[in-house]
*Asks:* 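Here it is, the structure in full.
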2 protein chains.
Amino acid sequence: MPVVDIHTHIYPSSFVELLRSRQTVPYIRTFPEDPDSSRLIILPGEDDPSMPSTSRGRPIGPEYHDISQKIAFMDQHLIDISVISLANPWLDFLDPEEAGEAARKINDDVNALCAQYPGRLYAFGTLPLSASADIIVAEIERLTSLEHMRGVIMGTSGLGHGLDDPALDPVYAALEKHNQVIFLHPHYGLPSSVYGPKASEYGHVLPLALGFPLETTIAVTRMLLGGVWDRFTKLNVLLAHSGGTLPFLAGRIESCIKHDGHLKQEGKTERRRDVWDILKSNIYLDAVIYSDVGLKAAVNASGSDRLMFGTDHPFFPPLELDVPEWHSVAANYKAVSSAFNDSDSEANAVLGGNAIRILNL
Amino acid sequence: MPVVDIHTHIYPSSFVELLRSRQTVPYIRTFPEDPDSSRLIILPGEDDPSMPSTSRGRPIGPEYHDISQKIAFMDQHLIDISVISLANPWLDFLDPEEAGEAARKINDDVNALCAQYPGRLYAFGTLPLSASADIIVAEIERLTSLEHMRGVIMGTSGLGHGLDDPALDPVYAALEKHNQVIFLHPHYGLPSSVYGPKASEYGHVLPLALGFPLETTIAVTRMLLGGVWDRFTKLNVLLAHSGGTLPFLAGRIESCIKHDGHLKQEGKTERRRDVWDILKSNIYLDAVIYSDVGLKAAVNASGSDRLMFGTDHPFFPPLELDVPEWHSVAANYKAVSSAFNDSDSEANAVLGGNAIRILNL
């Protein structure tokens, strides 16, 4: 059974050029103190000029845009197929008039990268979410004509007001109509104040380990409360990082809804699909969770037929030089083998079979 | 085997009087539109005068302070022993000069309530955390002389700067010395901006279901990163709501630490106890999670010998009148029976045996 990585990012050269042309977040810059290395700065909190340049953002090398390095990484980690996606922050930051053209260019470029390695690469497309709904819908339609596209990647801000904004309905309708999965991925995290005054001593741990998963959880809970899946019953969403925290908190979310006086008054506690129904009907989860404890919870919440292996490459590389296998990838492989230690068929489904079936690879 | 509820709150009369005397959050008020019912308002976000009074805070009746109602609730739900605790926001809001005296009064009152029902009630004490460390430590010492006290309840702000503030070290040292468990409980949530513009349409769901658990997770991760358990290796903390999201995110937290360039530079990636070690040695979890999916993850993370049943009474009452059994309690009972459907001994341990052993009831 082939191994498929559905959470693996690329910045095609056109996107790298775009980031290099910018002076504000997000951007790529080579600092005078370290002229041989570029750094990628994607969050306002990473752009503090008082920090040494080696602490700002992260180093960015050819592994971000050179597709042959992606293939080498796949070969090294026994990954047969990758479904690549533009990494955050996608095109969220562009002016509306630029976004449509940029999305077309990037989607064509990513599709062309896939074409270089037939059968090994597919992709999630990028949407021009700062543009008008008709431009977004036009790109969703156009993506169906690009041979290697298998859905779209999307952040949590949607058109700017979150994924429970009814203005997104035409976008959801088009995605549902064309059976395109949304790969929902965090980027914005939480306000830095929530991490306390010592947060900078802890590197990026708090925003990455906690802010990202909660951002995803808030976004999907808002979709649920906003009735997105009541209006679009066949809309499918693949949640990054095994759902953020959704599998663990689903019971609490459901209990809080059932016990909410305001929702009860509005008649919204009963007339809706519950969290568990949506977890088992509309939500897919990646297996980027780094522990069998988390992976088992994800399986118990949505079913082993709805999880798909991923690596988050090129993020979380080993900090040591010349390590052949990435620790982060090994942790996700180990979580699968440990969670399904008595079922090869379930493990194979999560490692590749589900992705092949769900994404029609 | 007896059933023990270790997550069950009380506002003794002295605390209710204190809240009634106040004009700013937290306070208890009877609104002119509804003179027969009082409302408890504990968060700034619940205090919007533009909201109808029936949406501000929550109704508060005798179930919050009348201990006979606690006993009736216990009898109705087959709970033999309760370890009661003052509910949030405890005494965090008091001026330093008031806090010490208020804590002594409330701890004496709660201890006296326990004495009315010998063998059925124990309590977690309240600390005067806005006072100086010596006053806090003195109250910890004094609590050892109160017969029914079995630890302390604490919020996430500590002395005001969070639980990774080294100024708390004398408090941790005193609690470790006297083998007093900290029951760590959320109150402050997250800034309301993270829930988006439609949040008020969703009642209290987003802050309660997501903000509370993440607040707990951030607090405990900050303790971990701040080295609290490296300095106080025998300090025990009972986490509310099955650890917030810690069991699910432990793998990601550990991976983010191991892959953080800043922590590596500082030599902090290796020389420390890891999350799993602390989950199995210093952390206890309640079983207030409302699903077997979450409960199994909690058990897998820290062990079935470290989980303790709870109800969160008097919060999450049924919205219908005259319902004999609370849905929220039934959900937590069902999670235990479903998670341990082939092990009565593990279920009994979670329902009561662990609490009796760990808290010496």
Side-chain angles (χ1 to χ4, degrees), chain A residues 54-55 58 161-162 164 190-191 193-198 201-206 208-210 213-214 217-218 221-222 225-226 241 245 247-264 269 289-294 296-297 300-301 316-319 327-328 331 335, chain B residues 54-55 58 161-162 164 190-191 193-198 201-206 208-210 213-214 217-218 221-222 225-226 241 245 247-264 269 289-294 296-297 300-301 316-319 327-328 331 335:
Chain A
T54 50
S55 295
R58 57 201 57 69
H161 297 105
D164 53 354
L190 297 171
S193 62
V194 307
Y195 303 121
K198 285 164 63 82
E201 297 178 26
Y202 310 142
H204 297 160
V205 172
L206 292 168
L208 272 184
L210 308 183
L214 196 81
T217 316
I218 291 173
T221 308
R222 286 171 61 183
L225 291 164
H241 315 120
T245 64
F248 191 72
L249 291 180
R252 185 170 174 89
I253 293 167
E254 197 56 31
S255 184
C256 285
I257 292 172
K258 281 190 183 134
H259 289 90
D260 193 86
H262 175 79
L263 291 181
K264 170 105 173 160
T269 50
I289 185 75
Y290 310 101
S291 81
D292 62 339
V293 173
K296 283 177 189 168
N300 288 336
F316 302 104
L319 295 177
H327 308 306
S328 56
Chain B
T54 50
S55 296
R58 56 201 58 68
H161 297 107
D164 53 355
L190 297 171
S193 62
V194 306
Y195 304 122
K198 284 163 64 84
E201 296 178 28
Y202 310 142
H204 296 160
V205 172
L206 292 169
L208 272 184
L210 308 183
L214 196 80
T217 316
I218 292 173
T221 308
R222 285 172 61 183
L225 290 165
H241 315 119
T245 64
F248 191 71
L249 292 181
R252 184 170 174 89
I253 293 167
E254 197 55 32
S255 183
C256 285
I257 292 172
K258 282 194 183 131
H259 289 90
D260 193 86
H262 175 79
L263 290 181
K264 169 102 174 161
T269 50
I289 185 75
Y290 310 101
S291 82
D292 63 339
V293 173
K296 283 178 188 168
N300 289 336
F316 304 104
L319 295 177
H327 308 306
S328 55

*Asks:* So what's closer than 4.5 Å to chain B heavy atoms on A/Ala301: side chain, backbone, both or neither?
*Replies:*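 For A/Ala301, the contact with chain B is made by backbone and side chain together.
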
*Asks:* Report the option among A/Ile257, A/Ile218, A/Ile253 that has the most heavy-atom pairs separated by less than 4.5 Å from atoms of chain B.
*Replies:*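 Option with the top pair count is A/Ile218.
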
*Asks:* Give the minimum heavy-atom separation between A/Gly251 and B/Ser291, together with the two atoms involved.
*Replies:*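 Closest approach of A/Gly251 to B/Ser291, heavy atoms only: CA-CB, 3.8 Å.
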
*Asks:* Working to the nearest 0.5 angstrom, can you tell me the gap between A/Ser255 OG and B/His327 NE2?
*Replies:*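 Spacing of OG (A/Ser255) from NE2 (B/His327) equals 9.5 Å.
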
*Asks:* If I compare all heavy atoms of A/Val194 with all of B/Pro191, which pair ends up nearest, and what's the gap?
*Replies:*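 Answer, listing the atom of A/Val194 first, then B/Pro191: CG1-CD, 3.4 Å.
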
*Asks:* Carefully, step by step, assess B/Asp164 and A/Tyr202 under the rule side chain to side chain donor-acceptor pair (under 3.5 Å).
*Replies:* CA-CA 11 Å; B/Asp164 53 355; A/Tyr202 310 142; 2.7 Å; yes

*Asks:* List the steps and the verdict of side chain to side chain contact (heavy atoms under 4.5 Å, CB included) for B/Asn300 and A/Asp292.
*Replies:* CA-CA 9 Å; B/Asn300 289 336; A/Asp292 62 339; over 6 Å; no

*Asks:* Check whether B/Arg222 reaches the backbone of A/Leu206 with its side chain - one donor and one acceptor, N or O, closer than 3.5 Å.
*Replies:*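 Absent.
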
*Asks:* Closest approach of A/Phe248 and B/Gly294, non-hydrogen atoms and distance?
*Replies:*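 Taking A/Phe248 first and B/Gly294 second, the nearest heavy atoms are CE1-O, 3.2 Å.
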
*Asks:* Looking only at heavy atoms, which two atoms of A/Cys256 and B/Val205 are closest? And how far apart?
*Replies:*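 Nearest heavy atoms, A/Cys256 then B/Val205: O-CG2, 3.8 Å.
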
*Asks:* Under a 4.5 Å heavy-atom cut-off, does chain B meet the side chain of A/Leu210, its backbone, both or neither?
*Replies:*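 For A/Leu210, the contact with chain B is made by backbone and side chain together.
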
*Asks:* Which of the residues A/Ala250, A/Gly196, A/Ser193 is involved in the greatest number of heavy-atom pairs with chain B at under 4.5 angstrom?
*Replies:*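 Answer, by heavy-atom pair count under 4.5 Å with chain B: A/Gly196.
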
*Asks:* Just give me the residue among A/Thr217, A/Leu214, A/Thr221 that pairs up with chain B most often, heavy atom to heavy atom, under 4.5 Å.
*Replies:*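 Looking at each of A/Thr217, A/Leu214, A/Thr221 in turn, A/Leu214 comes out on top.
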
*Asks:* Quick one, B/His241 and A/Arg252 - any side-chain contact, counting heavy atoms below 4.5 Å?
*Replies:*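 Sidechains of A/Arg252 and B/His241: in contact.
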
*Asks:* With a 4.5 angstrom heavy-atom cut-off, could you sort out which part of A/Leu263 is near chain B: side chain, backbone, both or neither?
*Replies:*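 When you check distances to chain B, only side chain atoms of A/Leu263 fall under 4.5 Å.
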
*Asks:* Could you tell me whether the side chain of A/Asp260 and the main chain of B/His204 form a donor-acceptor pair under 3.5 Å?
*Replies:*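 At least one qualifying donor-acceptor pair exists.
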
*Asks:* Among B/Pro318, B/Ala331, B/Pro213, which has the most heavy-atom pairs under 4.5 Å with chain A?
*Replies:*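 Winner by heavy-atom pair count: B/Pro213.
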
*Asks:* Which one, A/His262, A/His259, A/Lys296, leads in non-hydrogen pairs under 4.5 Å with chain B?
*Replies:*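 The candidate making the most pairs under 4.5 Å is A/His259.
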
*Asks:* Examine whether an atom of B/Leu208 lies under 4.5 Å from a heavy atom of chain A, and if so say whether it belongs to the side chain, the backbone or both; otherwise answer neither.
*Replies:*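 Contact with chain A involves both backbone and side-chain atoms of B/Leu208.
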
